[in-house]
Amino acid sequence: DTAVSQTPKYLVTQMGNDKSIKCEQNLGHDTMYWYKQDSKKFLKIMFSYNNKELIINETVPNRFSPKSPDKAHLNLHINSLELGDSAVYFCASSQDAVRTEAFFGQGTRLTVV
Amino acid sequence: GEDVEQSLFLSVREGDSSVINCTYTDSSSTYLYWYKQEPGAGLQLLTYIFSNMDMKQDQRLTVLLNKKDKHLSLRIADTQTGDSAIYFCAEIPGNTGFQKLVFGTGTRLLVSP
């Protein structure tokens with residue numbers, strides 16, 4: 001009964017490819033997020049959705065396109081993958097968009113070769 | 001700015017106390033968090049503190065907040081080898097409107113037997 005689940009856990013792909021990472025939460029939360037953790041373990045928010053609407057977009061290249069078909073799902077699609085996109089991508093959710101604690105998925109390790 | 005600073009490494013012996021320090025920059029942050037990341041895993045919320053509190057204790061964990069100096073610390077009593085992980089402090093800046101966790105650089109705690 002994983003609260004926030006991401007698939008796949010590992011993703012190895014070639015430069016120029018397009019790939020998607022899926023995220024689902026069964027906590028009944030209204031808000032979902034994507035965070036990126038680089039090779040130095042630095043974590044930074046990318047996007048936030050509240051009730052399927054984009055509320056935070058942190059100067060991420062437009063090759064990255066989040067999609068939220070419903071409030072329990074937030075997928076991340078990446079076009080024309082570059083070497084610098086290699087990172088661990090974490091999905092998270094929180095009860096609301098204001099100040100409640102976020103629960104994180106296990107992460108997707110993306111390696112672009 | 002949004003820089004949240006932490007020392008990179010801390011090494012302790014099993015049974016000792018560990019103190020992990022964090023300096024944040026946004027004095028209007030209302031919530032401050034500590035997350036734990038074990039190797040290859042996602043982020044686990046350990047504890048949080050409201051900005052109107054000076055201290056919060058939760059079993060082996062003690063959080064101290066010095067708002068004047070914008071300093072946050074996490075003390076782990078009777079540290080165990082299972083506590084070895086990376087610890088991140090995080091703040092929600094007060095001016096963002098929506099929740100946007102800003103993470104510290106992470107402290108890698110190594111507990112030796």
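Residue numbers begin at 1 in each chain, while the letters A, B, ... track the order of the sequences. All values reported here derive from a predicted model rather than from experimental measurement.
- Within 6.0 Å of NZ on A:K22 lie no more than 12 heavy atoms contributed by other residues, nucleotides or ligands.
- A:F42 and B:L10 are not part of a single hydrophobic cluster, where members link through side-chain heavy atoms under 4.5 Å apart.
- If you chain together hydrophobic residues whose side chains sit under 4.5 Å apart, B:Y35 and B:F9 never meet in one group.
- With values rounded to the nearest 0.5 angstrom, A:K41 atom NZ is found 7.5 Å from B:F88 atom CZ.
- Contact of B:L101 with chain A is made through backbone and side chain together, with heavy-atom distances under 4.5 Å.
- A:T31 does not touch chain B: none of its heavy atoms, backbone or side chain, sits under 4.5 Å away.
- The shortest non-hydrogen separation linking A:Y35 to B:K100 is OH-C, 4.2 Å.
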Q. Going through the checks in order, is the side-chain contact (heavy atoms from CB on, under 4.5 Å) test met by A:L43 and B:L43?
A. CA-CA 11 Å; A:L43 274 153; B:L43 290 109; 3.6 Å; yes
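- Neither the backbone nor the side chain of A:Q6 comes within less than 4.5 Å of any heavy atom in chain B.
- The same ILVMFWY cluster, assembled from side-chain heavy atoms under 4.5 Å apart, contains both B:I92 and B:L45.
- Annotation: side chain of A:E101 is not in contact with side chain of B:Y31 (no heavy-atom distance under 4.5 Å).
- Residues A:F103 and A:Y33 do not share a hydrophobic cluster, clusters being chains of Ile/Leu/Val/Met/Phe/Trp/Tyr side chains in contact below 4.5 Å.
- Under the 4.5 Å side-chain heavy-atom criterion for ILVMFWY residues, a single connected hydrophobic cluster contains both B:Y24 and B:W34.
- Annotation: maximal heavy-atom pairing with chain A below 4.5 Å, among B:G104, B:A90, B:G42, B:G106, occurs at B:G42.
- The number of heavy atoms from other shown groups lying within 6.0 Å of NZ (A:K52) does not exceed 12.
- No more than 12 heavy atoms of other residues, nucleotides or ligands sit less than 6.0 Å from atom OH of B:Y48.
- Here the CZ atom belonging to A:F104 is positioned 12.0 Å from the CD atom belonging to B:Q44, to the nearest 0.5 angstrom.
- Residue B:Q37 comes nearest to A:F90 through the heavy atom pair NE2-CZ, 3.3 Å, listed as atom of the first residue, atom of the second, then distance.
- For chain B, the nearby parts of A:I55 are the backbone and the side chain; heavy atoms of each come within less than 4.5 Å.
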